[in-house]
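Just below is one structure, and these are the notes that go with it.
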Amino acid sequence: NVEQVPISVTLSVIGTEHVVDAAPLEEACASTRISVGVNRRGDFCGVYQAGSSALPATRVPELMACALSAASTLFEGLEVAAKQSAERADEHPDLPPMAAGFFA
């Protein structure tokens with residue numbers, strides 16, 4: 001159950017646009033980054049902003065909504081992986097647990 005566990009979604013702001021989970025070259029072009037912690041219920045658990053320029057307050061709701069949408073997709077993927085891992089463990093109890101997530 002991942003209801004209470006937050007994940008972090010980072011958005012890089014490049015000009016008037018933003019990129020979720022930017023590649024290194026995209027990050028190099030970003031003026032600022034915002035990382036948003038979101039749990040499965042859609043509660044915001046934290047916000048961190050870093051970069052060489054200020055983030056206009058008018059952009060924050062847009063970026064938070066984007067982070068919430070990305071987090072929802074990530075949680076769906078995590079739930080599928082957890083279900084597959086549990087099914088594999090039931091079918092093959094002699095095998096080690098299936099690696100999943102960021103550190104797999």
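The shown structure was predicted, so the numbers you read here are calculated from the model rather than taken from an experiment.
- The salt bridge (Lys or Arg N to Asp or Glu O under 4.0 Å) analysis of residues 5-15, with sequence neighbours excluded, yields no pairs.
- Applying the side-chain contact (heavy atoms from CB on, under 4.5 Å) criterion to S53, with sequence neighbours excluded, gives S31, T32.
- Q49 CD to R33 CZ: the interatomic distance, rounded to the nearest 0.5 Å, is 9.0 Å.
- Among residues two or more places apart in sequence or in another chain, the side-chain hydrogen bond (donor to acceptor under 3.5 Å, both in side chains) test is passed with T10 by S35.
- Other members of the hydrophobic cluster containing I14, listed by chain and number, are V19; membership follows side-chain contacts under 4.5 Å among ILVMFWY residues, whether direct or relayed.
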Donor-acceptor pairs under 3.5 Å, side chain of residues 55-76 to any protein atom, not counting sequence neighbours: which ones?
from: R59; atom 1: NE; to: E62; atom 2: OE1; distance (Å): 3.1
from: T73; atom 1: OG1; to: S69; atom 2: O; distance (Å): 3.4

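- Atoms CD1 and CG, on I7 and L78 in that order, are 6.0 Å from each other to the nearest 0.5 Å.
- For E26, there are no side-chain hydrogen bond (donor to acceptor under 3.5 Å, both in side chains) partners, not counting sequence neighbours.
- Here salt bridge (Lys or Arg N to Asp or Glu O under 4.0 Å) pairs that include residues 6-20, with residues two or more places apart or in two chains, number zero.
- Other members of a hydrophobic cluster containing Y48 are absent, since no ILVMFWY side chain comes under 4.5 Å of it, directly or through relayed contacts.
- For D43, the side-chain hydrogen bond (donor to acceptor under 3.5 Å, both in side chains) partners are N39, R41, not counting sequence neighbours.
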